[in-house]
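The structure appears below as structure tokens.
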Amino acid sequence: MSEGTEASVEDGRMDAATEAFVAHRNLLFTVAYEMLGSAADAEDVLQETWLRWAGVDLATVRDQRAYLVRITTRQALSRLRTVGRRKESYVGPWLPEPLLTTPDVAEDVELADSVSMAMLLVLETLKPTERAVFVLREVFDLGYDEIAEAVGKNAAAVRQIAHRARAHVAERRPRGDVSAAETRGALAAFQAAIETGDLRGLLDVLAPDVVLLGDGGGVVQAVPQPVVGAAKVARLLSVGLPKLGELATVEVAQVNGWPALIVRIGGEIDDVVAVRIDDGLVTGLYIVRNPEKLERLGRETPVSR
């Protein structure tokens, strides 16, 4: 919630503009987060959205939800271009900022898929406008006319962009539907490997072409390049896991809509491990260690559509 809306709520004088913003805030955050992959940037976008929304004559607004989504999308697009330049100088692989999500997110399979680490990385391969169009159409089911207003294109152009983005994502997204039970099974094997140092069980669930990505942001140690292949990933883990010893605790939590592992050392969060599953095998391991990206894991972040 922005500073302006917090003040309005706390003093009991929630006006119509504030009420509408609060009612749609989780949706707006989710739109911005899916476009940016960063909760911090999404919060900044919401602040900018509120400042613009507070100056709107509500009597001229036919659909408050659509209007707010339009403002949010435009602000996110502007920030996305700036963030893109920032990512070019990022040290090592860049991963989305993980979110501790509420249990109800997993019940909405489409929403959980859309905020998953795997999908957010796929969305990173889209151009800014393509990403906005895909998110608004495929995740939030907005009409082409509404999207056209949000991205500053005509409806015909938006249809073409949506078709192109959909095909692009289809080529890169996880190959099949994965149940939460399958994910939990893979995570249980991974958790056992971390806690016992025995990688035999993990090797059974690693795909031959598994990819491990680590994000330390140049602040803490992480693999500087993607590690590809079951043997290389297992070798890397076999070197790193014994060093954790009795210092580490590992817990299963819902991160970005799916089960993931949170590793604590000395009671402090050291990293988050999200997985991608295809055909029952682990095809992706995403390890976020950058401390700046772990700050929100002390509380749940509501997302909705």
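Start at 1 with the first residue, then count along the sequence. Computed from a prediction, not measured in an experiment: that's the story for all the values here.
- Side chains of Asn256 and Tyr286: a donor-acceptor N/O pair is absent below 3.5 angstrom, by distance only.
- A side-chain donor-acceptor contact under 3.5 Å links Arg52 to the backbone of Glu48.
- Hydrophobic clustering places Val139 together with Leu46 (ILVMFWY residues linked when any side-chain heavy atoms are closer than 4.5 Å, directly or through intermediates).
- Contact record, Thr30 with Ser304: OG1-N, 2.9 Å, taken as the closest heavy-atom pair.
- Relative to the ring axis of Tyr144, Arg137 places its NZ or CZ within 45° and under 6.0 Å from the centre.
- Checking side-chain atoms of Glu97 against main-chain N and O of Ala40 turns up a donor-acceptor pair under 3.5 Å.
- Under a cutoff of 6.0 Å and an axis angle of 45°, Arg131 and Phe134 do not form a cation-pi pair.
- Within 6.0 Å of NZ in Lys232 there are 12 or fewer heavy atoms belonging to other residues, nucleotides or ligands.
- Between the Lys293 side chain and the Leu95 main chain, a donor and an acceptor come within less than 3.5 Å of each other.
- A donor-acceptor distance shorter than 3.5 angstrom exists from the side chain of Thr101 to the backbone of Gly257, with no hydrogens or angles considered.
- Without hydrogens or angle criteria, Ser78 side chain to Gln75 main chain gives no donor-acceptor distance under 3.5 Å.
- In this structure, Glu34 does not pair ionically with Arg305, as no charged nitrogen and carboxylate oxygen lie closer than 4.0 Å.
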